[in-house]
Chemist: 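This is the structure, below, for whatever I ask next.
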Amino acid sequence: MEQLLQSESSARRIHREAMPYHSPEDLNRVVEAAKDARLVLLGEASHGTSEFYTTRAEITKQLIASKAIRFIAVEGDWPSCYEVNKYVKDFEDNEARNAAEALRAFHRWPSWMWANREMEAFIEWLRSYNLERPAGERIGFYGLDVYSLWESMQHIVDYLKQTESPLLDTALQAFGCFEPYGDDSQSYGISAGLIGEGCEEEIVALLHEMQRTRLGHPQSEAELNAMMNTMAAADAEHYYRTMVRGGPDSWNVRDRHMVRALRQLLDYHGPDGQAVLWEHNTHIGDARATDMAADGMVNVGQLVREYYRPAQTFSVGFGTHHGHVLAGSAWGAPVEVMEVPPAIRGSWEDLLARAGGGENMLLLFDADAQPELREVFGHRAIGVVYDPGYELGNYVPSRMPMRYDAFVFIHETHALEPLALPLMV
């Protein structure tokens, strides 16, 4: 009974304070609230919802118009995102004729996460915007994730060959340790994590050697590319080594890497550079406001608040009551359009639906002034692997005003449109 009363009180508070979201102009309120932040973190409750991508893109466009945004960083691998970066900045070595071709760099499952029509439209917009600006003022597009062990190693070797670097032999010797595993990350993880036959020493030594050269403080995008690939390779080795053992370690390795990569990008772009970050809610919402903390997990949202202070960051969570999503039933399975069932009773999304009567809404948080919203609510999180039949397990207990600075609620949502993938419907 007490929980029901708390739920009704929270719904009434949401009804009083939420703002309608009917058009892109309504997002100005979120942009205005984020105007003083150096880092604006934009989430998503799934990796396969059209409205999350288009709304993030619209907020980002408005931020670019009103702030000194230097780059967009996303939950994607560095090598694939760098191909998009070359396209939007119109580099001489760009080979893509359009955004769709640039996005083909995302060829590993789940490729639809970035290779989709919604991203295609935004990347074309970003290139057009950049072409109206001097080369040194163009906005970048970079990836922060940690899965690109093999791709990053190849990029490092190619760069060292092109520059005739004396570190080439060191790199080839380090990467030779990985040759018995081909491109099989799982095989390497088992060997390194369970048997103790890994290549940690070699890859870390190479990273330290490269950091001692001018690559440790890159002065050009080519040097930045080489340094970021080296960081990605070193942390990818660590990630795959810990992944097979289970527990929170591999998650923490991944999110700590993303923050290190983000800091490297901010340092490269100068003390006045500002950035927009696109990642899942589970990464950008402060882990300390969820049950993740009790499980020994940290995330990007927590770490950037700790490093840059809350006043320099602004995080926006996203959610939906029901709709459809693009996901797979298992890792590597064919992508499907799946139904997202109505939010469970008493969840955060259920409260928003009741408070708004089926309308889309925006909500700005003030933890001190909103005691009714500091209660723990289940908040839906859908990954690239999704089972709508196991809906209760998709909710993360959260104290919402501590987890985000603002929230975008879209009552009914639709699946992303992938660029070129066979769909199961």
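In this chain, residues are counted from 1 in sequence order.
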Chemist: Taking atom types as modelled, find out whether Tyr395 and Arg380 have a side-chain donor-acceptor pair closer than 3.5 angstrom.
Modeler: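 On atom types as modelled, these side chains qualify, holding a pair under 3.5 Å.
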Chemist: For the pair Glu221 and Lys86, find out whether any cationic side-chain nitrogen is under 4.0 Å from an anionic carboxylate oxygen.
Modeler: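 No, Glu221 and Lys86 are not salt-bridged.
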Chemist: Under the side-chain hydrogen bond (donor to acceptor under 3.5 Å, both in side chains) definition, can you give me all pairs with a residue in residues 117-127, not counting sequence neighbours?
Modeler: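 For residues 117-127: Ser50-Glu118, Tyr87-Glu124, Asp90-Arg127, Arg117-Glu120.
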Chemist: Is it the case that the side chain of Arg399 and the backbone of Ala289 share a donor-acceptor pair, with hydrogens and angles ignored and the cut-off at 3.5 Å?
Modeler: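 Checked: no pair found.
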Chemist: Which distance, rounded to the nearest 0.5 Å, do you find between the CD1 of Ile382 and the CE of Met338?
Modeler: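 Reported value, rounded in 0.5 Å steps: 10.0 Å.
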Chemist: Between Asn299 (side chain only) and Thr282 (backbone N and O only), is there a donor and an acceptor less than 3.5 Å apart?
Modeler: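 Present.
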Chemist: May I ask you to test the Leu41-Phe314 pair for a side-chain heavy-atom distance under 4.5 Å?
Modeler: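 No, side chains not in contact.
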Chemist: Compare all side-chain heavy atoms of His321 with those of Phe409 and state whether any distance is below 4.5 angstrom.
Modeler: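 The answer is yes, as the side chains (C-beta and beyond) meet within the 4.5 Å cut-off.
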Chemist: Do you know the tightest heavy-atom contact between Lys67 and Ala37?
Modeler: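 Minimum heavy-atom contact is NZ-O, 2.6 Å.
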Chemist: Does Leu363 reach the side chain of Glu17, with side-chain heavy atoms less than 4.5 Å apart?
Modeler: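 Result yes, sub-4.5 Å side-chain heavy-atom pair found.
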Chemist: Between Thr242 and Ser250, is a side-chain hydrogen bond (donor to acceptor under 3.5 Å, both in side chains) present by the stated rule, with each step listed?
Modeler: CA-CA 5 Å; Thr242 58; Ser250 61; 4.7 Å; no
Chemist: Closest heavy-atom contact between Val300 and Val259?
Modeler: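 In this case the closest contact between Val300 and Val259 is CA-CG2, 3.9 Å.
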Chemist: Kindly give the heavy-atom pair with the smallest separation between Asp77 and Val146, and that separation in Å.
Modeler: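 Minimum heavy-atom contact is OD1-N, 3.8 Å.
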Chemist: With the side chain counted from C-beta on, respond yes when Ile64 and Val276 share a heavy-atom pair under 4.5 Å apart, and no when they do not.
Modeler: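 Side chain of Ile64 against side chain of Val276, heavy atoms only: no contact under 4.5 Å found.
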Chemist: Measure the acute angle between the ring planes of Tyr82 and Trp78, then classify it against the limits of 30° and 60° as parallel, tilted or perpendicular.
Modeler: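 Tyr82 and Trp78: parallel rings.
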Chemist: Quick one: does any side-chain atom of Asn28 pair with a main-chain N or O of Glu25 as donor and acceptor, under 3.5 Å?
Modeler: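 It does hold such a pair.
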Chemist: Does a side-chain N-to-carboxylate-O contact under 4.0 Å join Asp272 and Arg38?
Modeler: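 A salt bridge is absent here (no side-chain N lies under 4.0 Å from a carboxylate O).
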Chemist: Rounded to the nearest 0.5 Å, what's the gap from OH on Tyr129 to CZ on Arg138? Could you check?
Modeler: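 Answer rounded to 0.5 Å: 12.0 Å.
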Chemist: Check this for me, if you would: do Glu51 and Arg56 make a salt bridge, where the nitrogen-to-carboxylate-oxygen distance has to be below 4.0 angstrom?
Modeler: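 So Glu51 does not pair with Arg56 through a salt bridge.
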Chemist: Check whether any side-chain heavy atom of Tyr159 sits under 4.5 Å from a side-chain heavy atom of Leu215, and report yes or no.
Modeler: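 Side chain of Tyr159 against side chain of Leu215, heavy atoms only: contact under 4.5 Å found.
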Chemist: Is there a donor-acceptor pair under 3.5 Å between the side chain of Ser347 and the backbone N or O of Ala343?
Modeler: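 Answer holds: no.
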Chemist: Would you please classify the geometry between the Tyr147 ring and the Trp331 ring as parallel, tilted or perpendicular, with 30° and 60° separating the classes?
Modeler: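 Ring orientation, 0 to 90° scale: tilted.
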Chemist: Please answer whether the main-chain N or O of His280 pairs with a side-chain N or O of Glu75 as donor and acceptor at a distance below 3.5 Å.
Modeler: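 Checked: pair present.
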Chemist: Output the distance between atom CZ (Phe178) and atom OH (Tyr181), rounded to the nearest 0.5 Å.
Modeler: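 The OH atom of Tyr181 is 8.5 Å from CZ of Phe178, to the nearest 0.5 Å.
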Chemist: Please determine, by modelled atom types, if Ser46 and Tyr386 share a side-chain donor-acceptor pair under 3.5 angstrom.
Modeler: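 Per modelled atom types, Ser46 and Tyr386 side chains form no pair under 3.5 Å.
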Chemist: Between Thr320 and Ile410, is there a donor-acceptor pair closer than 3.5 Å when you use the side chain of the first and the backbone of the second?
Modeler: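 Present.
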Chemist: If the threshold is 4.0 Å, N to carboxylate O, is there a salt bridge linking Glu32 and Arg29?
Modeler: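 Not counted as a salt bridge, because no side-chain N and carboxylate O are separated by less than 4.0 Å.
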Chemist: For the residue pair Phe377 and Ser10, establish whether any side-chain heavy-atom pair is separated by less than 4.5 Å.
Modeler: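 Heavy-atom side-chain distance check passes, below 4.5 Å.
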Chemist: Given the rule in the side chain to side chain contact (heavy atoms under 4.5 Å, CB included) test, do Phe141 and Met119 qualify, once you have shown the distances and angles that lead to the verdict?
Modeler: CA-CA 12 Å; Phe141 184 91; Met119 281 301 301; 3.8 Å; yes
Chemist: Considering non-hydrogen atoms only, spot the tightest contact between Thr413 and Thr49 and give its length.
Modeler: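 Closest approach of Thr413 to Thr49: CB-CG2, 3.4 Å.
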Chemist: Quick check on ring-ring contact (aromatic ring centres under 6.0 Å, His included): which of Tyr142, Phe318, Phe122 does Trp278 satisfy it with?
Modeler: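 Only match with Trp278 under ring-ring contact (aromatic ring centres under 6.0 Å, His included): Phe122.
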Chemist: Hey, is Arg241 close enough to Glu200 for a salt bridge, meaning N to O under 4.0 Å?
Modeler: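 Looking at Arg241 and Glu200, the cut-off is met.
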Chemist: Just wondering, do Asp405 and Leu364 contact through their side chains at under 4.5 Å, heavy atoms?
Modeler: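 SC-SC contact between Leu364 and Asp405 ruled out.
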Chemist: Do Asp350 and Arg354 sit within salt-bridge range, that is, some charged N less than 4.0 Å from a carboxylate O?
Modeler: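 A salt bridge links Asp350 with Arg354.
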Chemist: Does His269, at its NE2 atom, have more than 12 non-hydrogen atoms belonging to other residues, nucleotides or ligands within less than 6.0 Å?
Modeler: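 Yes, because the 6.0 Å sphere around NE2 of His269 holds more than 12 heavy atoms from other groups.
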Chemist: Checking Tyr404 against His379: is there a side-chain donor and acceptor pair closer than 3.5 Å?
Modeler: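 A donor-acceptor contact under 3.5 Å links the two side chains.
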Chemist: Are the side chain of Asn360 and the backbone N or O of His22 linked by a donor-acceptor pair below 3.5 Å?
Modeler: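 Not at all, since once roles are kept as given, no pair shorter than 3.5 Å links the two residues.
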Chemist: Once you round to the nearest 0.5 Å, how far does NE2 of His15 lie from CZ of Arg13?
Modeler: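 With rounding to 0.5 Å, NE2 (His15) is 13.0 Å from CZ (Arg13).
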Chemist: Has His322 got more than 12 heavy atoms of other residues, nucleotides or ligands less than 6.0 Å from its NE2?
Modeler: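 It does: His322 NE2 has more than 12 such atoms within range.
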Chemist: Please give me the minimum heavy-atom distance between Ser398 and Thr290, naming the atom from each residue.
Modeler: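 That closest heavy-atom pairing would be OG-CG2, 3.8 Å.
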Chemist: Taking only residues two or more places apart in sequence or in another chain, which ones pass salt bridge (charged side-chain N to carboxylate O under 4.0 Å, His left out) with Glu349?
Modeler: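 Here no residue qualifies.
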Chemist: Is there side-chain contact between Gln274 and Arg70, with heavy atoms separated by less than 4.5 Å?
Modeler: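 Gln274 does not reach Arg70 side chain to side chain.
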Chemist: The test is ring pair (Phe, Tyr, Trp, His ring centres under 6.0 Å); show your working for Trp251 and His283 and say whether it passes.
Modeler: CA-CA 10 Å; Trp251 172 277; His283 293 294; 4.6 Å; yes
Chemist: Which pair of non-hydrogen atoms, one from Val316 and one from Ile284, has the smallest distance, and what is that distance?
Modeler: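 Taking every non-hydrogen atom into account, O-CD1, 3.5 Å.
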Chemist: State whether the side chain of Asn130 and the backbone N or O of Val88 hold a donor-acceptor pair below 3.5 Å, judged by distance alone.
Modeler: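 Yes, the answer is positive, given that a donor and an acceptor are paired below the 3.5 Å cut-off.
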Chemist: What distance do Glu202 atom CD and Leu206 atom CG have between them, rounded to the nearest 0.5 Å?
Modeler: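 The CD atom of Glu202 sits 10.5 Å away from the CG atom of Leu206.
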Chemist: Using modelled atom types and a 3.5 Å cut-off, is there a donor and acceptor pairing between side-chain atoms of Glu223 and backbone atoms of Gln219?
Modeler: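 Yes: the side chain of Glu223 pairs with the backbone of Gln219.
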Chemist: What residues, two or more places apart in sequence or in another chain, satisfy salt bridge (charged side-chain N to carboxylate O under 4.0 Å, His left out) together with Arg309?
Modeler: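 Salt bridge (charged side-chain N to carboxylate O under 4.0 Å, His left out) list for Arg309, sorted by chain: empty.
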Chemist: Please check this pair: side chain of Asp387 against backbone of Gly389, looking for a donor-acceptor N/O pair closer than 3.5 Å.
Modeler: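 Judged by distance alone, yes, a pair lies under 3.5 Å.
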